[in-house]
Amino acid sequence: MISIHLPADKEKLLTFPAGTPLALTGTVFTARDLAHRRLAQMIRKKQELPFELKDSLIFYAGPAPAPPGQICGAIGPTTSRRMDPYTPLLLEHGMLGALGKGRRGSETREAFIRFQRVYLVTAGGAAALLSRHVRKIAPIAFEDLGPEAVYKVELFEFPCFVGLDIQGNDIYNMREESS
Amino acid sequence: MFCRSIGYQTVLRAAEDLIQKASFRLPEGVEKALRSADSGGDGPGRDSLEMIQRNMDVSAREKVPLCQDTGLAFFYIRLGGSVVIEGGSLEGALNEAAASQYASLFLRKSVVKSPLRRINTGTNTPVIIHYEIVEGDELEINFMAKGGGSENKSRMSMLNTDAGEEGVLQFVLDTVTEAGPDPCPPLFLGIGMGGSFDHAPWLAKKALFRPVRQRHPDPLMAALEEKITSHVNTLSGVGIQGFGRGVTVLDTFIETAPCHIASFPLAVNINCHSARYAQVVL
Ligand code: SF4
């Protein structure tokens, strides 16, 4: 497992092939379905976003609330493909990459390659475990959306994999390619 | 006529217990299947399986939900014909149980008021309830927390009447292959065969409540369950978390019903590895 510290390792992050296991430390922002819709609207209207998108990693997640005495409730990736309609726009505006689960559509894959950005994935349904890799979490925008709000999350050695590398290799096609 | 009355509060408490039980601990058979699952060797699939296994420990120990998607709350009710609920409605008790437990157990509220307006109800209600009125004086409550990822990849089809086992195998294989990583494999498959356009999907959901490794009483269906599991595992290439290696389907459960001479309704309800359900009989 390779340790990555953001933002220091943001160039290094781009160098690993699809399938590489990573332990990610640093700040990310959650955004899922409705938050994407709002972010895209704001970009189109040239409004200021609630966080600096440039060089930020977006985590496709909607966490459960933290139980008392705990830092973070259950947190894990949601299906990334639903965010595809918005991803090229966010990449165009400087997003460093995304963290989710599942395949991306071909236009989205091309956009990741064109902007030389990475798509990371992690296991779905391991949210109790993943919550132990969060050092801090707080909502910073769209709180009316409940679990779909944007949360600022500080990850600590968060286990994930390179899903799409900048050469366009895809973790979900690796078996076909190697056999 | 003899009637047995069960108090609203009794139903409420029982439903609350079920939600608690299902949220932090998988049913025994599910846990066993995951502990002994084929990892397919070194790679992201095996790493993910290990994460899933460690996740079960953390969830049980620290009372953090197994998955952040704590689901839509489904209740499958088998209500004895001579049972009356006193002091309120069954529907009211189940909704109250969900609202209170999704708040007090820090489960995620994943319900929006309407598909178009998409405003979160904030309580994870309304719950979805299926009723069967059966003989007797018992009330059986089954609860399932069903995630959106696996529900989204479920499918139904009206096959040709001569589709046969081959047609079933093909449709199930196509459904799982197309779903790929999205429903978080390894999976459990609920298959509803027969009935009608509306009934088959319900049978598929109901099938998912059956304990792991318990086969259908009809030997033909029992054999088909085994066949589907091995067919998909051999041919889909999906693997753990869709990474291409290891087990794709942990078990398959079929429920059947008679159907029209012109029809062959078939539904596949996919459940993820985080198969959270629990049962009580009052
Ligand atoms: S499909 Fe299941 S395991 Fe995956 S995110 Fe949804 S509820 Fe969790």
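Proteins come first, then strands; the chains are lettered A, B, ... in the order of their sequence lines, and each starts at number 1.
Here A:Ala66 is the residue among A:Gly19, A:Ala66, A:Gly73 with the most heavy-atom pairs under 4.5 Å with chain B. When A:Gly102, A:Gly146, A:Pro67 are compared by the number of non-hydrogen pairs under 4.5 Å with chain B, A:Pro67 comes out ahead. The residue among A:Pro68, A:Gly124, A:Pro77 with the most heavy atom pairs within less than 4.5 Å of chain B is A:Gly124.
Atom CZ of B:Arg46 sits in a crowded spot, with more than 12 heavy atoms from other residues, nucleotides or ligands closer than 6.0 Å.
Annotation for A:Ala126 and B:Met51: closest pair CB-O, 4.1 Å, computed over non-hydrogen atoms. Closest approach of B:His273 to A:Gly125, counting heavy atoms only: CE1-O, 3.2 Å. Smallest separation of non-hydrogen atoms from A:Pro147 and B:Asn120: CD-ND2, 3.6 Å.
Residues of residues 40-59 of chain A lying under 4.5 angstrom from chain B, judged on non-hydrogen atoms, do not exist here. At a heavy-atom cut-off of under 4.5 Å, chain B is reached by A:Pro159, A:Phe161 from residues 149-165 of chain A, listed in order of number. For a heavy-atom cut-off of 4.5 Å, chain A lies close to B:Val58, B:Ser59, B:Glu62, B:Lys63, B:Val64, B:Pro65 in residues 56-65 of chain B.
For A:Ala61, no part sits under 4.5 Å from any heavy atom of chain B, backbone or side chain. Contact of A:Ile75 with chain B is made through the backbone alone, with heavy-atom distances under 4.5 Å. For chain A, the nearby parts of B:Asp182 are the backbone and the side chain; heavy atoms of each come within less than 4.5 Å.
For residues 111-123 of chain A, every residue pair satisfying the side-chain hydrogen bond (donor to acceptor under 3.5 Å, both in side chains) rule, not counting sequence neighbours, is listed here: A:Ser80-A:Tyr119.
Contact of the B:Cys184 side chain with the A:Lys101 side chain is registered, since non-hydrogen atoms from C-beta on lie closer than 4.5 Å.
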Q.
Could you walk me through whether A:Arg37 and B:Arg118 satisfy the side-chain contact (heavy atoms from CB on, under 4.5 Å) test, starting with their C-alpha distance in whole Å, then the side-chain angles of each, then the deciding distance to 0.1 Å, before giving a yes or no?
A. CA-CA 12 Å; A:Arg37 208 198 279 187; B:Arg118 308 211 73 85; 4.0 Å; yes

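Interatomic distance, B:Glu50 CD to A:Leu129 CG, rounded to the nearest 0.5 Å: 11.0 Å. Residue A:Asp144 holds its CG atom at 9.5 Å from CD1 of B:Ile119, rounded to the nearest 0.5 Å. How far CD of B:Gln68 is from OG1 of A:Thr78: 7.0 Å, rounded to the nearest 0.5 Å.
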